[in-house]
Amino acid sequence: MFEKTLPIGSVVSLYGGEKRLMVLGYVKYLQGDNTKLYDYCGCTYPEGYVDAEATALFDHEDIEHIYAVGFQNEVQMEFRERLEQILEGREREGQNGPDDLEGGN
């Protein structure tokens, strides 16, 4: 069911990771390096967001276990569909970047 994008607030562990992470956002670059686009950014759980330097960037295939799935409603599901369409289009075109996500609901 969650092959591509988990809702914000989902709690996961990564292969080789020591802490659980909570999904904060999508489609992020590592600061100063726009050559690799990551699927997610997250903060440690249960501590939550501390600052930008304490966030983790990771891809969906890095997730070993999903502990909790974030809140879902029709708005989130519409956003997820749009996000997945954008990501699929960028994969086909060989592009990277979060530009198309701006200006949503």
Side-chain angles (χ1 to χ4, degrees):
M1 178 174 190
F2 291 102
E3 295 178 12
K4 293 192 178 195
T5 54
L6 289 164
I8 299 293
S10 297
V11 178
V12 302
S13 63
L14 305 181
Y15 291 103
E18 295 180 18
K19 297 281 294 181
R20 292 180 186 182
L21 298 174
M22 182 176 70
V23 174
L24 291 174
Y26 308 104
V27 192
K28 300 294 180 192
Y29 289 112
L30 184 61
Q31 187 173 1
D33 178 10
N34 64 355
T35 60
K36 168 67 172 121
L37 190 64
Y38 292 88
D39 296 336
Y40 301 102
C41 69
C43 62
T44 57
Y45 178 87
E47 294 87 348
Y49 182 82
V50 177
D51 63 35
E53 304 226 351
T55 58
L57 300 176
F58 57 99
D59 290 320
H60 195 82
E61 62 264 12
D62 298 330
I63 297 172
E64 180 175 24
H65 186 78
I66 300 170
Y67 291 94
V69 175
F71 178 71
Q72 300 176 81
N73 66 5
E74 53 279 343
V75 173
Q76 186 277 333
M77 289 180 190
E78 288 173 15
F79 174 80
R80 188 174 97 199
E81 286 178 24
R82 193 172 95 229
L83 174 63
E84 289 178 359
Q85 289 172 352
I86 291 166
L87 293 175
E88 287 171 7
R90 290 193 174 278
E91 284 177 12
R92 282 193 306 273
E93 297 171 14
Q95 297 176 339
N96 284 326
D99 302 337
D100 296 329
L101 294 176
E102 312 247 340
N105 292 342

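None of these values were measured; they are calculated from a predicted model.
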Subject >> Listed once per pair and sorted, the salt bridge (charged side-chain N to carboxylate O under 4.0 Å, His left out) pairs that draw on residues 50-66, sequence neighbours left out >> reply: Lys36-Asp59
Original post:
Heavy-atom distance under 4.5 Å between the side chains of Val69 and Pro7, does that happen here?
Top reply: yes
Subject >> Joint cluster assignment, Met77 & Tyr40, ILVMFWY side-chain distance < 4.5 Å >> reply: no
Subject >> salt bridge (charged side-chain N to carboxylate O under 4.0 Å, His left out) assessment of Glu78 paired with Arg82 >> reply: CA-CA 6 Å; Glu78 288 173 15; Arg82 193 172 95 229; over 6 Å; no
Original post:
When rounded to the nearest 0.5 angstrom, what is the spacing between CD1 in Ile8 and SG in Cys41?
Top reply: 7.0 Å
Original post:
So do the side chains of Thr5 and Asp39 get within less than 4.5 Å of each other, counting heavy atoms only?
Top reply: no
**OP:** Identify the heavy atoms of Val75 and Asn73 that sit nearest to each other, and give their distance.
**Re:** N-OD1, 3.0 Å
Original post:
With sequence neighbours left out, what residues match Glu47 under side chain to side chain donor-acceptor pair (under 3.5 Å)?
Top reply: Lys19, Thr44
Original post:
Can you name the closest pair of heavy atoms from Tyr15 and Ile63 and give their distance?
Top reply: CE1-O, 3.3 Å
Subject >> Where Leu6 and Tyr26 come nearest, the two heavy atoms and their spacing >> reply: O-OH, 2.6 Å
Subject >> Heavy-atom donor-acceptor pair, Ser10 side chain to Gly70 backbone, under 3.5 Å >> reply: yes
Subject >> Co-members of Val11 in a cluster of I, L, V, M, F, W and Y side chains, linked at under 4.5 Å >> reply: Met22, Leu24, Tyr45, Tyr49, Tyr67
**OP:** Drop me the distance from Gln76's CD to Glu74's CD, to the nearest 0.5 angstrom.
**Re:** 10.0 Å
